[in-house]
Asks: 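Take this structure, written in structure tokens, and hold onto it; I'll ask about it next.
All values reported here derive from a predicted model rather than from experimental measurement.
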Amino acid sequence: MGNRSTERISRSVFYLVLAVAAVVCGLFYMVEYDRPFESDPTFTAPMFTDVLIGFMLLLTTAAVGFTVWMVVRAMRLAGNEGKTVNNIPARALSWTVAAVTALLLGVTYLTGSDNRIVANGEEYTSVQWLKIADMFVYSGLTLIVLAVGAMIFGLTRYYRKGRTSAKAATSDKQNPS
């Protein structure tokens with residue numbers, strides 16, 4: 001594996017996951033999809049529901065695990081030499097992003113609703129899972145709003161840069177040395 005490029009390995013893993021996902025989804029929709037649920041025949045219970053759910057849990061667990069591993073690895077490798085990169089405080093920025101994300105998840109979990117909901121005609125009362133669901137919804141929405149705000153801030157860079165350059169040119173004309 002030493003002579004294989006990271007891009008080639010990444011592409012191979014991507015195609016493998018894509019193929020497995022296509023097979024699992026194909027089985028889910030094409031093999032006994034309309035099978036009636038034993039307890040309530042008004043609902044359907046596709047034969048490969050458990051396989052699909054297991055595959056989604058596996059992908060989610062792998063994604064979270066690799067993300068945590070890569071964040072820890074990147075922060076350790078940065079060490080003292082990674083304090084600034086191109087005059088950007090990279091190490092501080094990494095720790096700040098990790099801390100703000102953890103804080104956001106904690107705050108949205110604590111503020112999440114524990115009100116019962118009705119799903120498929122039955123009350124769902126698990127406080128922990130209701131709060132976790134709210135946590136992910138609120139955190140996701142907050143991160144989307146922050147991303148849009150950062151994008152707008154980045155798009156206004158040229159306007160801000162032009163205004164700063166114009167002020168500097170004006171002050172140079174007023175105060176010739």
Side-chain angles (χ1 to χ4, degrees), residues 1-41 43-83 85-86 88-109 112 117 119-120 122 124 126 128-152 154-155:
M1 202 150 68
N3 62 354
R4 296 183 73 181
S5 70
T6 304
E7 181 181 350
R8 188 172 173 193
I9 294 169
S10 176
R11 185 178 36 222
S12 298
V13 170
F14 173 70
Y15 287 143
L16 175 70
V17 170
L18 197 62
V20 171
V23 168
V24 168
C25 288
L27 288 172
F28 178 77
Y29 285 112
M30 293 182 206
V31 178
E32 291 194 46
Y33 179 75
D34 296 326
R35 188 174 73 165
F37 187 57
E38 291 176 12
S39 299
D40 187 357
F43 293 111
T44 60
M47 183 176 189
F48 287 97
T49 302
D50 292 338
V51 174
L52 183 65
I53 291 172
F55 182 65
M56 291 183 343
L57 287 173
L58 175 72
L59 286 180
T60 303
T61 304
V64 169
F66 279 122
T67 301
V68 169
W69 176 63
M70 290 305 295
V71 166
V72 169
R73 183 176 176 265
M75 288 183 176
R76 281 189 181 166
L77 288 177
N80 290 332
E81 65 190 45
K83 287 185 177 178
V85 176
N86 295 329
I88 297 172
R91 187 172 183 199
L93 190 60
S94 296
W95 281 106
T96 302
V97 167
V100 167
T101 303
L103 180 68
L104 177 66
L105 289 171
V107 168
T108 54
Y109 177 80
I117 62 170
N120 292 332
E122 295 182 23
Y124 191 75
S126 175
Q128 175 190 4
W129 288 111
L130 290 168
K131 290 178 88 57
I132 287 173
D134 275 356
M135 173 187 75
F136 284 122
V137 169
Y138 295 151
S139 296
L141 290 174
T142 303
L143 290 173
I144 288 171
V145 168
L146 288 174
V148 168
M151 183 186 71
I152 291 170
L155 289 173

Asks: Check whether Ser12 reaches the backbone of Arg8 with its side chain - one donor and one acceptor, N or O, closer than 3.5 Å.
Replies: yes

Asks: Could you grab the distance from atom CG of Leu141 to atom OH of Tyr138, nearest 0.5 Å is fine?
Replies: 9.0 Å

Asks: Mind checking the CZ-OG1 spacing from Arg11 to Thr6? Nearest 0.5 Å is all I need.
Replies: 11.5 Å

Asks: Please examine the side chains of Tyr109 and Gln128, heavy atoms only from C-beta on, and report whether any two atoms are closer than 4.5 Å.
Replies: yes

Asks: Tell me whether Tyr29 at atom OH has more than 12 heavy atoms from other residues, nucleotides or ligands lying less than 6.0 Å away.
Replies: no

Asks: So which atom in Met47 and which in Arg35 form the shortest heavy-atom distance, rounded to 0.1 Å?
Replies: CA-NH2, 3.8 Å

Asks: Could you tell me the separation between the NZ atom of Lys131 and the CG atom of Asp134, rounded to the nearest 0.5 Å?
Replies: 8.0 Å

Asks: What's the shortest heavy-atom distance between Tyr33 and Phe28, and which atoms?
Replies: CD1-O, 3.4 Å

Asks: Determine whether Leu130 and Tyr124 make a side-chain contact, defined as any pair of heavy atoms from C-beta on separated by less than 4.5 Å.
Replies: yes

Asks: After noting the C-alpha distance and the side-chain angles of Val51 and Leu27, does the key distance pass the side-chain contact (heavy atoms from CB on, under 4.5 Å) rule?
Replies: CA-CA 9 Å; Val51 174; Leu27 288 172; 5.9 Å; no

Asks: Does Thr96 form a side-chain contact (heavy atoms from CB on, under 4.5 Å) with Val100? I'd like the steps, not just the answer.
Replies: CA-CA 6 Å; Thr96 302; Val100 167; 4.2 Å; yes

Asks: Is there side-chain contact between Thr142 and Leu104, with heavy atoms separated by less than 4.5 Å?
Replies: yes

Asks: Kindly determine whether Thr44 and Phe37 satisfy side-chain contact (heavy atoms from CB on, under 4.5 Å), including the steps that lead there.
Replies: CA-CA 5 Å; Thr44 60; Phe37 187 57; over 6 Å; no

Asks: Does Thr101 use its side chain to pair, donor to acceptor, with the backbone of Val97 at less than 3.5 Å?
Replies: yes

Asks: Identify the two heavy atoms, one from Thr108 and one from Met135, that lie closest to each other, and give their separation to 0.1 Å.
Replies: OG1-CG, 3.3 Å

Asks: Is Ser139 reaching over with its side chain to a backbone N or O of Phe136, donor-acceptor style, under 3.5 angstrom?
Replies: no

Asks: Do Thr49 and Ile53 have side chains that approach each other closer than 4.5 Å (heavy atoms only, starting at C-beta)?
Replies: yes

Asks: Please determine whether side-chain contact (heavy atoms from CB on, under 4.5 Å) holds for the pair Phe48 and Val24, giving the CA-CA distance in whole Å, both sets of side-chain angles, and the decisive distance to 0.1 Å.
Replies: CA-CA 8 Å; Phe48 287 97; Val24 168; over 6 Å; no

